[in-house]
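Below is one structure; the comments refer to it alone.
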Amino acid sequence: MKYHFNEIEAKWQKYWADNQTFKAENPVLSGVEGKSEKPKYYVLDMFPYPSGAGLHVGHPLGYIASDIYARYKRHKGFNVLHPQGYDSFGLPAEQYAIQTGQHPAITTEENIKTYRRQLDQIGFSFDWSREVRTSDPSYYKWTQWVFIQLFNSWYNNDSDKAENISTLISVFEKDGNTNVNAACDDNVKLFSAEAWNNFSSEQQQDILLQYRLTYLAETEVNWCPALGTVLANDEIVNGVSERGGHPVVRKKMTQWSMRISAYAERLLQGLETIDWPEPLKEIQRNWIGKSVGAQVEFNVIPKEQSDEESHKISVFTTRPDTIFGVSFMTLAPEHELVSKITTPEQKAEVEAYIEATAKRSERDRMADVKTISGAFTGAYAEHPFSKQPIPIWIGDYVLAGYGTGAVMSVPCGDQRDYDFAKHFNIPIPNIFEGVDISEEAFADKDNTIIANSGFLDGLNYKQAVKQAIYELEKLGQGKGKINYRLRDAVFSRQRYWGEPFPVYYVNGMPQMIDAKHLPITLPEVEKYLPTETGEPPLGNATHWAWCTKTNSVVSSSAVENKTVFPLELNTMPGWAGSSQYFNRYMDPHNEDEIFSQEAINYWQQVDLYIGGSEHATGHLLYSRFWQKFMYDLGLVPHDEFAKKLINQGMILGTSAFVRRVDGFNYEKGKYNSGEHFNKGAYNVKTNILISEGLASNQDYLKKLLIENKPDTESSIKSYDTITSNIDDYKISLRDGVHVKVKYVNASDELDINGLKNDEEYGKDYIDCIFLGENGEIIGGNNDVFKVRRDVEKMSKSKLNVVNPDDIVSDYGADSLRLYEMFLGPLEQYKPWNTAGITGVHSFLKKLWKLYFDDNGFKVTEDEPSKEALKTLHKTIKKVEEDIENFSFNTSVSTFMIAVNELTAQKCTSKKILEPLLILISPYAPHIAEELWSHLGHKESISTAPFPKFDESHLVESTKNYPISFNGKMRFTMELPLDLSKDDIETAVMAHEKTKEQLQGREPKKVIIVPGKIVNIVG
RNA sequence: GCUGAAGUGGUGGAAUUGGUAGACACGUUGGACUUAAAAUCCAAUGAACAUUGCGUUCGUGCGGGUUCAAGUCCCGCCUUCAGUACCA
C-alpha cells in the first residue's frame, strides 16, 4: 500500500470537521461545578485580514507553529482553546468597492471563503465553532460597547485606574476640579464647585470631554488626501501612508481620540511582567518614550512697560541642571505664543519663516535634518535665576507635537542647540568644569561637573538636577516632570468599511446611543466616496437600521437625523476590532455580555500568542491598553491579555529578474513593437532581454548595444553614454525586472515559452528578443536562459509568491507543515526554496514504509529491540524539549534521525511504532491519524497521551571518548563509563596513537572529565 | 546618529552549564535498478595538501584576551538586517 497523501489528508480533514475534534470544552457546560476537569491552555494566532490575493506560503508559518503547540498540549491532557477568525474591516475591500461598486461585505465574504479553503487544506486544529469576524454586527456590537465604556470613564491618577465618569461629576459638584488629579487635556481650565454648577449643560459636557478616555477634540492629525482619511502615527511609514505609500500632511480636525497616554506608565511597567520578545518590548518602550526631567516656566519680558498682557513659556527639559547654560529659547513655528510675542520689527521675517516651514511636507522635513533654519521673534524671556534677558527664537528643529513645543536652549550641552547657536551667532556660555566646547556640545551626563551656575557650581548631574528643581519650585517656576512621547490615538476614520460609532449629536455635543440598541449596523450607501459636502461616506446613507421604537430621540432616517440629531459619520479604525477579539473567543456567541465571567475566569488570558512584530506599536499596544481598561472595570482577571508572545519571522521569496535593455516606448507593462531596431545584428524589433551570463560580460554587452543602437530620434540617453560598466545603466538593466518565479527552475533557468504564455503578463514578452550567454538569440528547446535571483519579501508585486495550494497538491499538507518548520528557527527570517521540500516529503514516505511495505501492513506485536527502545526514548526526550522551547526545526531533524534508525534496525514493533506516531502527530497530523487507525484505533490520535520518557533506555555502559592534544581532537577511544580518572589516564596513555602524538615527550598535564573528554597537554 | 538582532560549508541550518564544529536536509558528483525517464536505493561531499594507505594543516565576520579546552565567555572593530529618528 502506497502513501496517497491527497486521499489521506482529505479523509482526515473531513473526519475532524464532522466530529468537531478540536472543539474546546466549554467550561460552563461540562464537568463538575461548571468547569472542565482538564487544565486549560489558550493558543492564539493573530487573525488574518482576508485580502484578495489569498495565502502564500509565508502566511501559515506562525499558524503551523501554534497548531503544533496546540496539538502537543492536547496530547499533554490540556483543554485547548485554539480559535481562528478574521480581521475583516479594512481599506483594501473598500478601495475595491470604490473602483468596482462591489459591496465590501461581498468582497470580504469571497476572500474569507478562499482563506478558509486554504487554511482547511493545511489541516489546522482550529475550533471553528468560535470563529469571529470583526465586520460581523454580532461581533462589532461589543466593539461599540467597549467604546461606550471608554466614553463613560475617566482616569484617576490618584487611584491609578479608570473610573466611571459619574465619580468625577460628583467631585466637580462638590469641589470643582482644582484638586482633581486626572489624565486630561493640557488646556483644562480650573473651576470651583460653584462655577461647575452654574455651567450650562453644554459647557459641562465640553469639560467632561477633556477627561473621558475617549473624547472628541480638535487635534492635529495626519491627513492622507489620496485615501481621504486620517491615519494614526503607526499607519505612517517614512512620512507616507503604510497602505499605498501616499503623502501625508498635518491638519487640524475634530476627531475621536483614545486617551492611551493615561496608561503610558502602566503600559511601560507591564512589559516587565510578560514573556514577550525583548526587541518587541524595546520597540514599545521607545514608542512610549518616557523621559524624566522638569517643566520650567519662563516669563516673557513685556514689550513695553505698559503692556498688560503677560506671557509664560513652558518648556520641558531632561537637563534642568544646565539651566544656567541657557542662552536662547526656541519655539516650534506652530507654537501659539509666536504671534503674540513677535515684535513689529521681526514680524515679516517670522511670518515668512512660518509660511516656509508650513509648506514643507513631513517627508521633506525628515529628509532634510541637516539644514539649520529659524527666525528671531524680537522678544525676550527672563532667566528664572539670573534674571537676564534671553532671546526667543523659532526654529523647525523644535517639534510642536513633543513636550510643550518649546525648549530652553543650552548650546554647550545639546548639539542641536549648539549648531543653531553657531549658525545664528548666539553666545555659547560654558557651564561645565574642565570641558572644551569649542568644537561641539558636551552631552555626557555621567562626567558632568557644573560650573558658572551659581548655587549649582561643583555639583554632578544628579545633584544638580535635584537642586535645580528644588530652587525652581521655590520660585514657583518649575517642577519635576515625567514626559511621555506616546500620543493619544486618533480613533476616527473617514471611511465606510469600519465599525460605526454608537454616537449622535445634540447641540454639537456627542451622546452615546443606549447600549441596548447595539449593534449600530453599517448602513447601505450608494457610493463609498465622501459626500459632495465633504462628509465621510456614511453621509451618503439614507437609512440606518438600528433605530428602534424605544428610542424616540433618533428616528429611522439619517436625512431627518441630520436636521434633528445628527449621527456620527466617521467609522472606527482597523485596530478597534482587534483590540478585544482574544477575549471574545472565550465566549463568542454570548448575546448578553461581551463574555461571561465564567468564561473569562476559566480561560483567564492568552497563554501563547503568535504573530508578526510589525504590530508592535499598533495592535499589540492598543490591545494592551484596552485590556488594562477592561481590568480597571473589573471585567478581566489580568491586565495583560497575552502571557507569552512569539514573533514568527518572515518567509522571504526568491525573486527572479531578467535584465531588460530599456527605454523603447515601454509603458504600463506593454511593449510596443516599434520600428526602432530595424538595423543591427539581429534586426531587433523590440525590447531585448539579456541572460545573466551575458549581463556579466560587460564588454560584449557594450559592443552589442552600440551595434544595435537605434538610428531614430527616439534613441535613449543611456545609449549615448554607453560604457562597459553595467552599473551606469538604468535600473532595468542593472538589476533587472521581476518575472514570475514559477517559470524559473532550481538552476535559475527561465522557461521562456511558459513566460510568453502566461495569462497575466505573457503578452508583454511575445515580441521580446532573448539573448543567451554569448549574445545568441534564444529559441531552440535546449537553449538556456539564466536569470538573476535575489531574496526579497514575498509579495504579489514582486512576482515571487509561492502558493500553498500548489505545494499541498504536489506534496501534501503534512509535507508543507514539516517543511515550513524545517526551514529554520521560527523567529528567524528565512528564504523559501520549494526544491528543498523533497527532503521532508521523502521522510514521510520512509515513515510510511515503517508501517507498510509491498506485502501490506507490517507492524507486529514483537517485543522491541534495545536499540529501537533507545531510539524511541531519545526521540521522546528531544522532541518534548524542542516543542517546549519552540524549536520546531530541530524536532523535524530528530524525526528524520529516528525514522532512519528504525528503518536500519528493521523495527516492526508496535510498542515503538505506536508511540512514535503520537510524537509526529502535532507536526504531520494526517499521516499520523491514518497510521494510527491502521494500528486498530477507532478514535482520533489527537488526544492520545504523549509518550512518557524513560531514562533507563538511554543508559550506556561505555563512552566513545574524544582524545584531544592541546585542545584538538585527534582520535576517539571506547571506554567503560564506570572507569575512574586514573584508569582512564592509564588506558589513554597506553594507546598507540597517544604515543604517536607525543613522540616521546612527557605530557605536562592530562585533563580528564569523566563521561566527556580527555585532553592531553604536551 | 541611536536602539535591537544576527554573521558557521555551494544553500537552509545543527551544536545542553565552554568539552568530538558542520547534526538533519537541499544541492552536487559517482554508482545500482531501468530500453529510457521518474521514483527508489548505495557511496562521497568544509577547504588545502597528500592520495598507496595511515594522514597532515587550516577552518564558525576581523583583531586581541581568559582557559587544559572558545562558534559559545571578556575587550575592541567590521559587516548585514530590523526598528526609530531633530524627543529637548
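Protein chains get the first letters and strands the later ones, always in sequence-line order, with residue 1 at the start of each. Nothing here was measured: the structure is a model prediction, and the numbers come from that model.
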Answer yes if the side chains of Asn1015(A) and Ser964(A) hold a donor-acceptor pair under 3.5 Å, and no otherwise.
no

Which whole number of Å gives the distance between the C1' atom of U79(B) and that of C62(B)?
10 Å

Give the rounded distance in Å between these two atoms: CG of Asp882(A) and C1' of G13(B).
14 Å

Taking the six-membered ring for Trp and the single ring otherwise, decide whether the centroids of Phe324(A) and His383(A) are under 6.0 Å apart.
yes

So, does Ser291(A) get its side chain near the phosphate of A88(B), meaning an N or O under 4.0 Å from OP1 or OP2?
yes

Looking only at the side chains, is there a donor atom on one of Asp488(A) and Ser261(A) sitting less than 3.5 Å from an acceptor on the other?
yes

Can you tell me the distance, in whole Å, between the CG atom of Leu826(A) and the C1' atom of A14(B)?
17 Å

For C49(B) and G1(B), measure between their C1' atoms and round to the nearest Å.
49 Å

Could you run down the sub-3.5 Å N/O contacts of the protein with nucleotides 67-74 of chain B?
{"from": "C68(B)", "atom 1": "O2'", "to": "Asn1015(A)", "atom 2": "ND2", "distance (Å)": "3.0"}
{"from": "C68(B)", "atom 1": "O2", "to": "Asn1015(A)", "atom 2": "ND2", "distance (Å)": "2.8"}

In chain order, what residues pass the side-chain hydrogen bond (donor to acceptor under 3.5 Å, both in side chains) check against Trp276(A), with sequence neighbours excluded?
none

Classify the nucleic acid contact of Arg970(A) as base, sugar-phosphate or nothing, counting any heavy atom under 4.0 Å across all strands shown.
sugar-phosphate

Distance below 4.0 Å between Arg416(A) side-chain N/O and C87(B) OP1 or OP2
yes

Ser795(A): what forms a side-chain hydrogen bond (donor to acceptor under 3.5 Å, both in side chains) with it, not counting sequence neighbours?
Ser797(A)

Rounded to whole Å, please give me the gap between OH in Tyr3(A) and C1' in A39(B).
16 Å

In sequence, state the C-alpha distance, the side-chain angles, and the governing distance for Phe328(A) and Phe420(A), and then conclude on ring-ring contact (aromatic ring centres under 6.0 Å, His included).
CA-CA 10 Å; Phe328(A) 63 104; Phe420(A) 195 87; 5.5 Å; yes

With the side chain defined as heavy atoms from C-beta on, Pro825(A) is closest, among U40(B), G19(B), A14(B), to A14(B)

Nearest-angstrom distance from the residue atom CZ of Phe971(A) to C1' of U56(B)
16 Å

Output the rounded distance in Å from CG (Asp790(A)) to P (C81(B)).
11 Å

Any ion pair linking Lys422(A) and Glu440(A) (charged N to carboxylate O, less than 4.0 Å)?
no

Determine the Euclidean distance between corresponding C1' atoms of A23(B) and C73(B); express it in Å to zero decimal places.
24 Å

Step by step, work out the side-chain contact (heavy atoms from CB on, under 4.5 Å) result for Ile646(A) and Gln648(A).
CA-CA 6 Å; Ile646(A) 294 177; Gln648(A) 88 274 25; 5.7 Å; no

Nucleotide U84(B), atom P - distance to CD of Gln284(A) in whole Å
12 Å

Can you tell me how far C1' in U35(B) sits from the matching atom in G30(B), rounded to whole Å?
22 Å

Distance between the P atoms of U57(B) and G61(B), in whole angstroms?
23 Å

Between A88(B), G12(B), G19(B), which nucleotide gets closest to the side-chain atoms of Thr317(A)?
A88(B)

With B for base contact, S for sugar-phosphate-only contact and - for none (protein heavy atoms under 4.0 Å), nucleotides 23-32 of chain B reads BBSS------

So, for Leu954(A) and Lys870(A), which heavy atoms are closest and what is the spacing to 0.1 Å?
CD2-O, 3.5 Å

Whole-angstrom distance between C74(B) and G7(B), as gauged at atom P
15 Å

Could you give the CH2-to-P distance, from Trp276(A) to A5(B), as a whole number of Å?
18 Å

Name the nucleic acid region contacted by Tyr961(A), choosing base, sugar-phosphate or nothing; use a 4.0 angstrom heavy-atom cut-off, strictly under.
nothing

Whole-Å distance between U16(B) P and Lys1012(A) NZ?
11 Å

Selection from G12(B), C86(B), G19(B) that lies nearest to any side-chain heavy atom of Lys830(A):
G12(B)

Map Lys849(A) and Arg485(A) onto RNA chain B by nearest heavy atom, then report which one ends up closer to the 5' terminus.
Lys849(A)

Kindly give the heavy-atom pair with the smallest separation between Thr654(A) and Arg789(A), and that separation in Å.
O-NH2, 3.0 Å

For the side chain of Val398(A), starting at C-beta, report the closest nucleotide among C86(B), A88(B), A21(B).
A88(B)

Below 4.0 angstrom, N of the basic side chain to O of the carboxylate: do Glu820(A) and Lys830(A) qualify?
no

Start at the 5' end of RNA chain B and walk down; is the nucleotide closest to Gln828(A) or to Gly405(A) reached first?
Gln828(A)

Please state the C1' separation for the pair U80(B) and A88(B) - nearest whole angstrom.
32 Å

Tell me, please, which residues at least two apart from Arg319(A) pass side-chain hydrogen bond (donor to acceptor under 3.5 Å, both in side chains).
Asp321(A)

Using Watson-Crick and G-U wobble pairs whose two distances are both under 3.5 Å, how do you write the pairing of RNA chain B as dot-bracket, with | for links to another strand?
(((((((..(((......[....)))((((((.......))))))((((.....))))..(((((..]....))))))))))))....

Answer yes when Glu881(A) and Lys878(A) have at least one side-chain N-carboxylate O distance shorter than 4.0 Å, and no when they do not.
no

For Tyr353(A) and Asp396(A), indicate whether the former's side chain and the latter's backbone hold a donor-acceptor pair under 3.5 Å.
yes

Inter-nucleotide P distance (A48(B), C42(B)), Å rounded
28 Å

